[in-house]
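Any value given below was found using the heavy atoms of this structure, including those in side chains, with hydrogens, waters and symmetry copies removed. Lettering of chains follows the sequences in order, A, B, ..., and the numbering in each one begins at 1.
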Amino acid sequence: MPDLLANLNPEQLAAVTLPDEPALILAGAGSGKTRVLTTRIAWLIQNGHVSPAGILAVTFTNKAAKEMQARLGAMLPISTRAMWIGTFHGLCNRMLRAHYRDAGLPQSFQILDQADQLSSIKRMMKGLNVDDEKYPPKNLQYFINSAKEQGLRPNEVEANDAFNQKFVELYQAYQDQCQREGVVDFAELLLRCFELLKHNEPLRTHYQARFRHILVDEFQDTNKLQYAWLKMLAGQQSAVFAVGDDDQSIYAFRGANVGNMSDFEREFRVRHLIKLEQNYRSHGNILDAANALIENNARRLGKNLRTDAGQGEPVRVFEAATDLQEASWLVEEIKALIQQGLSRQEIAILYRSNAQSRVMEHALVGAGIPYRVYGGLRFFERQEVKHALAYLRLIENPNDDTAFARVVNFPTRGIGARSLELLADAARLYNCSMYAAVPYMTGKAGSNLGAFVKMIEKMRFETQQLTLPETVSHVIEASGLIAHYQTEKEGQDRIENLQEVVHAATAFVTEEGYGLDAPARLLAPRPAALSAPDATGIPVTDGVVDADVPVEMTPLAGFLSHASLEAGDNQAEAGQDAVQLMTVHAAKGLEFTSVFVTGLEEGLFPHENSALELDGLEEERRLMYVAITRAKERLYLSFTQSRMLHGQTRYNVRSRFFDEIPEELLKFLTPRAQPGARLSGGGGDSAWGRDWFSRPQVAAPRQEAWAATRSDQALAERSRAADTGFKVGQGVFHPKFGEGKITGLEGTGAEARVQVAFGRHGTKWLALAVAKLQAIE
DNA sequence: AGGCTCTGGTTTTTT
DNA sequence: ACCAGAGCCT
């Protein structure tokens, strides 16, 4: 017991040993957040506050969930199996599987990932003959997901014009289609689970009584629905332990609501707010820069990081003439760092947008420096893998039209677009799935489709007794996928990936406790100990007391869930020691000895689009804060006078963020560019040669549009117009979002904002001072 | 059915 | 500049 708490600082210790009450932990970057979370759980169990079965720990990503599980496994002598540790989606899936009837779902319901959802929407729209130019499927997808994240069903969404009315109709049609097919999208997992708990009192009471301690990681990233779900799950006796950092909230654009932190504090009457401000990652200058920068944000809960590590190196700043020069400098500097003994993987290059990586990759290739780019296709998102999964899904649930449409003619079986249209018509006529509509088809189309159905039926029969890996192996053969890719020139990689699915299946049944002998399509018998009535004595429907072990899912269902919910690594092959390239977003939670933050230019970072969003600039600043706090020892910030973007050269001014960091922390490797001054001379403490800038330079015209927008004068002028300009109900035109109608107004002068309902872009709050809105009829 | 050309879009992204 | 998706042609 004392060893559990050893080496915790006073703040951490206080957090870990808090009484069983709601608590909010403000955990700064590098402050040992995960350690506090896991130690808290271990401490609670060790001191008899709660049994493992009373623990619910929610994370945002699978990676975080796994890490927590692993650390706990190392801390506690007992199995972590009885605890519910997972992502919001993973836990909701688990609960829905256990109570599928109460949730109104088929036992074999499938999960649509983002891409599946989009193709489902497209198919639905095609069936209804909806103009996809007027109503872009992507926007409908966004509309549907935001509605669900607000907890709104189609009949609850307010539509203030014909356009939105149509979206609501389509939302309803999509919802009907999903229900008929027995599929749920990501947002649906959460909403369905939320509604299940809300409407089913015995179930709610049961889980509320069970989970005495609910711990939430990255609380600042939760959306409204996730918060509502937590509230629903937390009973009177539950202690919610929320850990987050408002300064690292960088996902507002996808629905994260930092406001959940203050809401939580208020609604749960939090008496214990603890700030973890001791940083164990970065040297002083780096931390000072981060602290100074984030001070410029208005609405903060307030936090200042400190370190014992000493000031360390200054923050180095490099100004380049072009993006190409920036990349060459970067490469030289990296070479020097490696020369000094740093390993490549301790070096990270961060950027605001993915498009920026290319120039730098090119330079790295040229210099022969191995590198790794994060982002891109993940394993379960690969075409061939999704094909294999689609066959498995059809075996499990033939009503899954998304899976059906995906592979009915892959490999090709002479089933063309025309046949599928007819089939879709028949399915609509008989209100059944495409699979079920096949018998109604006649002629050649009918026989080809019939053959496909026979093949699936045969697969289902032949895999009846097989284990999961055997099933996968059988399916990739019997579907003809392997044979198909053998005829393709680039098919070898794809075949390897298909084999890899078999391996993934093996790993899955092993790690999830099904065992290698478990038949893929049979429910494992529930262990006796767990089928006994539970301590609360509360009757639970479905005859399921609790979803403790993965018995509520067959190995196959579990594997398909796993594939949808955990798409696999989103990075290139690991292994080799390589320089790490990624967006700042992707870098959140990581740390590196040396960090280069590149492209620090107005318009790029902060991104120009952020000016259109409410509190957009503050989020950009938090993003910059995240970038800075990734660095342990060395931080480089670079910007260019010009760069190629969308095929055109853009001239940039350096990011305002430089002005928000005290000068004494910065060391300019290039001469300070005074406004209008030309570059000359060399830079001193850089691996880059002294005389780089003695080469002829391109005079950089100062930037126009973006720079002008942000000048105070322009701002003042705009706001004056703003006060007179608009009223609720008025039509407006926005250069990016098109026509919309004002649905709300607030603030005055430079603070004035309007809420505008745009058709396909949804409803947005815009700052009048920055948004270029025009009044229309 | 598969390969070609044209067109449009282009911040960040996990589940 | 570059990629993805749609439409068109063979």
Side-chain angles (χ1 to χ4, degrees), chain A residues 58-65 86-93 111-119 122 132-133 136-138 142 145 148-149 184-191 193 217-218 221-223 225-226 249-256 323 350-359 362 374-378 380-381 409-419 484 487-489 561-570 582-589 599 603-613 616 619-620 622-624 626-627 643-650 736:
Chain A
V58 206
T59 63
F60 217 74
T61 63
N62 291 298
K63 197 175 154 212
T87 63
F88 282 99
H89 295 84
L91 296 173
C92 287
N93 180 44
I111 301 167
L112 301 184
D113 67 16
Q114 202 92 282
D116 294 333
Q117 184 189 33
L118 187 59
S119 60
K122 283 181 179 165
D132 60 0
E133 299 254 301
K138 278 215 171 97
Y142 176 80
N145 290 337
K148 289 187 182 185
E149 279 169 19
V184 297
D185 56 48
F186 286 140
E188 186 72 21
L189 278 175
L190 289 165
L191 184 52
C193 189
D217 191 18
E218 304 278 18
D221 284 339
T222 52
N223 64 33
L225 179 54
Q226 287 159 343
S249 161
I250 56 172
Y251 286 115
F253 72 90
R254 66 173 196 214
D323 46 352
L350 308 185
Y351 36 82
R352 177 65 179 81
S353 63
N354 287 303
Q356 288 165 249
S357 75
R358 189 138 53 108
V359 176
H362 190 80
Y374 282 63
L377 260 202
R378 297 143 93 215
F380 285 115
E381 289 168 357
N409 198 36
F410 194 97
T412 51
R413 305 183 170 93
I415 300 167
R418 184 74 200 121
S419 308
H484 171 84
T487 66
E488 257 194 11
K489 347 187 233 312
S561 289
H562 168 82
S564 299
L565 293 176
E566 190 167 355
D569 271 346
N570 99 13
M582 67 194 83
T583 63
V584 182
H585 282 93
K588 190 169 159 230
L604 197 63
F605 198 179
H607 197 276
E608 53 197 329
N609 291 357
S610 70
L612 303 170
E613 284 146 28
E619 177 141 320
E620 293 291 303
R622 290 192 291 266
L623 195 54
M624 181 65 186
V626 167
R643 85 167 53 237
M644 195 65 121
L645 197 66
H646 309 324
Q648 279 178 327
T649 306
R650 300 214 345 181
K736 179 157 181 195

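- Taking the salt bridge (Lys or Arg N to Asp or Glu O under 4.0 Å) definition, one finds that A:R643 meets it with A:E326, A:E601, sequence neighbours left out.
- A donor-acceptor pair under 3.5 Å is absent between the side-chain atoms of A:D132 and the main chain of A:P136, judged by distance alone.
- Computed from coordinates, the A:D217 CG to B:dT14 C1' distance equals 14 Å when rounded to whole Å.
- Below 30°, between 30° and 60°, or above 60°: for A:F186 and A:H89 the angle between ring planes is above 60°, a perpendicular geometry.
- Aromatic stacking of A:H89 on B:dT15: not satisfied for centres closer than 5.5 Å together with planes under 30 degrees.
- Between A:A417 and A:F60, the residue anchored closer to the 5' end of DNA chain B is A:A417, taking for each the nucleotide with the nearest heavy atom.
- In this entry the distance linking CE of A:M624 with C1' of B:dT12 reads 16 Å, nearest Å.
- Between A:G414 and A:E620, it is A:G414 whose nearest contact on DNA chain B lies nearer the 5' terminus.
- Side-chain polar atoms of A:E613 and A:S610 form no donor-acceptor pair below 3.5 angstrom.
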Any chance you could list the contact pattern along nucleotides 1-9 of chain C? Use B for base contacts, S for sugar-phosphate-only contacts and - for none, protein heavy atoms under 4.0 Å, 5' to 3'. BS---S---

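- Residue A:N62 is in sugar-phosphate contact alone, with no base atom involved, counting any heavy-atom pair closer than 4.0 Å across all strands shown.
- Residue contacts for A:N409: at a heavy-atom cut-off of 4.0 Å it reaches the sugar-phosphate backbone alone, with no base atom in range.
- Rounded to the nearest 0.5 angstrom, A:F253 CZ and A:N609 CG are separated by 12.0 Å.
- For the pair A:Y351 OH and B:dT10 P, the interatomic distance rounds to 19 Å; values are reported in whole Å.
- Atom name P, nucleotides B:dT12 and C:dG5: the rounded distance is 16 Å, in whole Å.
- The A:R254 side chain lies nearest to B:dT13 when the options are B:dT13, B:dA1, B:dT15.
- Contacts of A:N354 with the nucleic acid, taken as non-hydrogen atoms under 4.0 Å apart, involve only primed sugar atoms and P, OP1 or OP2.
- Within 4.0 Å (heavy atoms only), A:Q114 reaches at least one base atom of the nucleic acid.
- Under the stacking criterion of a centre-to-centre distance below 5.5 angstrom and an interplanar angle below 30°, A:F253 sits stacked against the six-membered ring of B:dT12.
- Applying the salt bridge (Lys or Arg N to Asp or Glu O under 4.0 Å) rule to A:E619 yields the partners A:R622; only residues at least two apart in sequence or on another chain are considered.
- Counting to the nearest Å, the P atom of B:dT10 and the CD atom of A:E608 are 12 Å from each other.
- A:Y251 comes within 4.0 angstrom of sugar-phosphate atoms only, judged by non-hydrogen atoms across all strands, and of no base.
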